[in-house]
Amino acid sequence: MTGDEVRTILEQRLRKVEGRISAACRRGGRPREAVRLVAVTKTVGPGVAAVLPELGVLDLGESRPQELWAKAAVRGPVRWHLVGHLQRNKVARTLPLVHLIHSADSLRLLAEVEAEAARQGRDVSVLLEVNASRESAKHGFPPEEVPGLAPHLNGLSRVRVEGLMGMAAFEEDPERCRPTFALLRELRDRLRERVAERHPLTELSMGMTNDFEVAVEEGATLVRLGTVLFEGLG
Ligand SMILES: *Cc1c(COP(=O)(O)O)cnc(C)c1O
């Protein structure tokens, strides 16, 4: 496939996705600007990833820190999102490159990010990952532990908690993901009441190819899309 063909396909797919996000916003009674698309580029190379900023998509995501390091060389005003598990020994190298860590999934990791952010003299924005579907293979805080995190969060001075991230279990009928997304929204709202103002807790990262429209209807502010954009382009 030539670069022009890739570009044309991506343009068409983005237009369709944009229409679907807009329609879901209308159904949910939300303004279109309330939702940001994060294009998860893990299945494509840096060449394909580099087309996205040219098409107006400035938020790019990777699930593996090493891939993010490699692709962060992509030129343009790109904001990189880490959406997968971050090992503590990869924190130092990741912090300077990342706009938002979606996957803060333990107190030990939060402590390491706080310490490293202080060493590097920077502030770091994170989302707390919640294992909302309770699948044992997934990372994240169990839902019932989220309200009790407030005192820990209030002790952080370099880390800003922007919101929560979660995934629904795969369902043939995405409508069945709705309770998981509603739970994430409720947990975010409850936690926001308990934490200091420096943690905005305004964001909800939820919704992937299979279920993003339901997630938007339920309040997603960041949708993380891979397959619907990149299938066949890897
Ligand atoms: C791969 C990945 C996505 C994108 O998933 P698709 O179903 O391909 O859209 C979103 N979030 C995370 C954490 C991922 O690892």
Side-chain angles (χ1 to χ4, degrees), residues 6 9-10 12-21 24 35-46 48-49 51-52 55 57-72 78-87 90 94 97-106 109 125-141 162-178 180-181 184 188 203-234:
V6 167
I9 290 171
L10 280 174
Q12 288 166 350
R13 290 181 181 176
L14 279 167
R15 224 183 346 258
K16 274 194 199 162
V17 163
E18 179 53 41
R20 291 171 65 184
I21 292 174
V35 182
R36 247 196 298 172
L37 163 65
V38 178
V40 179
T41 53
K42 68 186 176 200
T43 59
V44 295
V48 174
V51 177
L52 286 145
L55 299 177
V57 178
L58 301 183
D59 291 279
L60 304 187
E62 277 294 329
S63 58
R64 299 179 57 219
Q66 301 96 307
E67 269 300 305
L68 190 147
W69 303 344
K71 287 206 186 95
V78 173
R79 295 180 287 259
W80 281 101
H81 296 248
L82 182 69
V83 301
H85 182 59
L86 177 59
Q87 297 84 358
K90 300 199 169 68
T94 301
L97 304 173
V98 78
H99 167 72
L100 179 63
I101 296 169
H102 291 228
S103 43
D105 55 10
S106 71
L109 176 62
S125 287
V126 307
L127 308 178
L128 303 180
E129 181 171 353
V130 180
N131 187 355
S133 62
R134 298 179 182 281
E135 291 165 281
S136 57
K138 288 192 178 155
H139 293 281
F141 293 97
E162 308 280 352
L164 301 185
M165 181 271 236
M167 279 175 247
F170 179 84
E171 299 282 356
E172 288 291 338
D173 176 6
E175 191 55 42
R176 298 186 60 177
C177 301
R178 193 177 295 278
T180 302
F181 297 142
L184 283 163
R188 192 268 320 260
E203 305 283 351
L204 271 180
S205 170
M206 57 190 198
M208 304 171 29
T209 290
N210 186 54
D211 52 23
F212 69 94
E213 287 150 300
V214 176
V216 167
E217 289 170 21
E218 290 298 324
T221 63
L222 295 154
V223 290
R224 309 179 310 270
L225 301 183
T227 308
V228 68
L229 297 174
F230 300 117
E231 192 161 38
L233 302 181

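Remember, it's 1-based here, ligands and their atoms both numbered in the order they're listed.
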Is it the side chain (CB and beyond), the backbone, both or neither of His102 that lies under 4.0 Å from ligand 1, heavy atoms counted? neither

Is the closest side-chain heavy-atom distance between His102 and Arg224 below 4.5 Å?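 They are in side-chain contact.
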
Selection from Thr43, Val83, Val40 by shortest heavy-atom distance to atom 12 (C) of ligand 1: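 Of the listed residues, Val83 has the closest heavy atom.
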
Which residue and heavy atom of the protein sit nearest [atom], plus the separation:
atom	value
atom 5 (O) of ligand 1	Met208 CE, 3.5 Å
atom 8 (O) of ligand 1	Thr227 OG1, 2.5 Å
atom 15 (O) of ligand 1	Lys42 NZ, 2.7 Å
atom 11 (N) of ligand 1	Arg224 NE, 2.9 Å

What atoms of ligand 1 come within less than 4.0 Å of a heavy atom belonging to [X]?
X	value
Thr209	6 (P), 7 (O), 8 (O), 9 (O)
Ser63	15 (O)
Met167	13 (C)
Leu225	9 (O)

So, Arg178 and Glu217, do they make that salt bridge, N to O below 4.0 Å?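 Yes, this pair counts.
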
Say whether Gly226, considering both its backbone and side-chain N or O atoms, lies within less than 3.5 Å of an N or O atom on ligand 1.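 By distance alone, the answer is yes.
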
Which word best sums up how the rings of His99 and His81 line up, parallel for under 30°, tilted for 30 to 60°, or perpendicular for over 60°? perpendicular

